[in-house]
There are 2 protein chains.
Amino acid sequence: MSYKSPDIHTEKASYHHGDLRNQLLSAGLEIIKTQGINALSLRKLAEKVGVSRTAPYHHFKNKNELLCAIAAFGFQVWTDRLKTIQDKSNISEEQRFREFAQSYVDFAVENPDLYDLMFGQPIWKESHNTGALKKDAYPAFQYQRDFIKSWQDQGILPEGFSDLRLSQVIWSTLHGIARLVIDGIYLQTNDSKQVAEMCDCAVKLFLIESQSQK
Amino acid sequence: MSYKSPDIHTEKASYHHGDLRNQLLSAGLEIIKTQGINALSLRKLAEKVGVSRTAPYHHFKNKNELLCAIAAFGFQVWTDRLKTIQDKSNISEEQRFREFAQSYVDFAVENPDLYDLMFGQPIWKESHNTGALKKDAYPAFQYQRDFIKSWQDQGILPEGFSDLRLSQVIWSTLHGIARLVIDGIYLQTNDSKQVAEMCDCAVKLFLIESQSQK
DNA sequence: AACCTATCTTGACACTGTCAAAATAGATCA
DNA sequence: TGATCTATTTTGACAGTGTCAAGATAGGTT
């Protein structure tokens, strides 16, 4: 999971610096993963890439736009994972739903700071440049909604609600679990057993089949 | 919903400045409510209260500790609202559950920046001084858990799970809805009709009685 | 009256995001 | 080829941030 330059000559490229934009994104993502989102400053990032403080401003309007670009990458990764889940054959639909739910929380727990960036407020609240971000984020949302709708059609998720509402609520549940876990509220990130149990509990609550156990 | 000084002489008090600590908390809360959490800087806060930049450091170890104190106040307010819900008589338990869920999201939507502070990472991730914060936060969590347990005992919430797990998942759902809404992800804060519908959907999913509709 | 100690201020440091103006160098066209 | 254009990068600067160290102040205590 890392940025790749579009060309082969990643090291030294044609223009002044070459693919500064890509390297900024790549280095930014690495800082986020290793030192956390709060440790990412434009200046340190520029230094890491070996360029002056203001060079990034010729590739991103401001810091927020750079963060949006990294977050967009995160959404691409998550969308890919959704595709993988969709493409799995010889698997029951209940199992696919379980995997979807568990994968969602896993993705957040494995990339807490990236997830934090993807769903942190600064990015979404600034109404300026979120257009590019939404372009990558909405497919993921749509994917999830399509999943839910298909499970409703197949009768393993309740049909008393619109697919929009149900997908919003299920998403909220997974998002809420992810947030509480990675923010260290009430429970700890490293307690993977408890996290898995929470996912399992959520899945069972939604699945129609296991309602008899209630 | 505002800080009150313990004494009557709020204006000018005994010591150097008087109840600087309380005024810092009060002014900080006001900034958060009016200008948002990101607009709150120690320096502007000090200026607002009419004191030098470093004066707050004699009442709070650092900025995080001040934020924790404000967040703790938020938890007190929320706990009070939980009590109000608990004390309501001539109301069905299903209705009490509905009200609990709706109130949770309402509280977040009405005080987005305070909620953001209460459940934002910086506060919870710093392991130093969260002791005082937990003292005010955990009663709220416990309250919620007791609610869930009582509803399980009364047979309106599924009993196939431990009250801990179920309360964690229900809390996650409400927290997730709240976060998605106030962070402006996918839906807008001001679309109160949609938010209410999401709450209603979540409530129906959890309540045993409405399972037949599924 | 002398001291103590909590409180507050001034000065300073390192860090941040961002703008304006100058410098550089690849690309384009004569 | 050489001149010019334009995208890119740099240097300098500004306002703002959290926080520390050292000094000033003033109420409470002996």
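Treat the numbers as computed from the prediction; the structure is a model and nothing was measured. Letters go in sequence order (proteins before strands), and every chain restarts at 1.
In this entry the distance linking CG of A/L42 with P of C/dG17 reads 5 Å, nearest Å. Whole-Å rounding puts the B/L45 CG to D/dT17 P distance at 11 Å. For the pair A/N38 CG and D/dG18 C1', the interatomic distance rounds to 14 Å; values are reported in whole Å. For B/H58 and D/dT19, the NE2 to P distance is 14 Å, given to the nearest whole Å. Between A/K63 atom NZ and C/dT18 atom P the separation is 8 Å, expressed in whole Å. A straight line from CD of A/Q35 to C1' of C/dT16 spans 16 Å, rounded to a whole angstrom. Look at NZ on B/K61: it is 18 Å from P on C/dT7, rounded to the nearest Å. Taking atom CZ of residue A/F60 and atom P of nucleotide C/dT18, one finds them 13 Å apart after rounding to whole Å.
Listed nucleotides: D/dT11, D/dT19, C/dT9. Nearest to the side chain of A/R53: D/dT11. Taking only side-chain atoms of A/S52, from C-beta outward, the nucleotide of D/dT17, D/dT11, C/dT18 with the closest atom is D/dT11. Of the candidate nucleotides C/dG11, D/dT10, C/dC8, C/dC8 has the atom nearest to the side chain of B/L20. Among the nucleotides D/dT10, C/dC19, C/dT16, the one closest to the side chain of A/Y57 is C/dC19. Nearest to the side-chain atoms of B/T54 among the listed nucleotides D/dT10, C/dG11, D/dT17 stands C/dG11. The side chain of B/K44 has D/dT17 as its nearest neighbour among D/dA21, D/dT17, C/dG17. When each of D/dA21, C/dC8, D/dG18 is scored by its nearest atom to the side-chain atoms of B/H59, the top-ranked nucleotide is C/dC8.
The base of D/dG18 sits with one of its N or O atoms less than 3.5 Å from a complementary donor or acceptor on the side chain of B/R43.
Using a distance-only test at 3.5 Å, with no hydrogens or angles considered, no donor-acceptor pair links the side chain of B/R96 to the main chain of B/F147. Here the side chain of A/R145 pairs no donor or acceptor atom with the backbone of A/D163 at under 3.5 angstrom. Proximity of a side-chain donor or acceptor of A/D113 to a complementary backbone N or O of A/I37 within less than 3.5 Å is detected. Although no hydrogens or angles enter the test, the distance criterion places a donor-acceptor pair under 3.5 Å between the side chain of A/N62 and the main chain of A/N64.
Between B/T173 and A/H175, the closest side-chain pair of non-hydrogen atoms is not below 4.5 Å.
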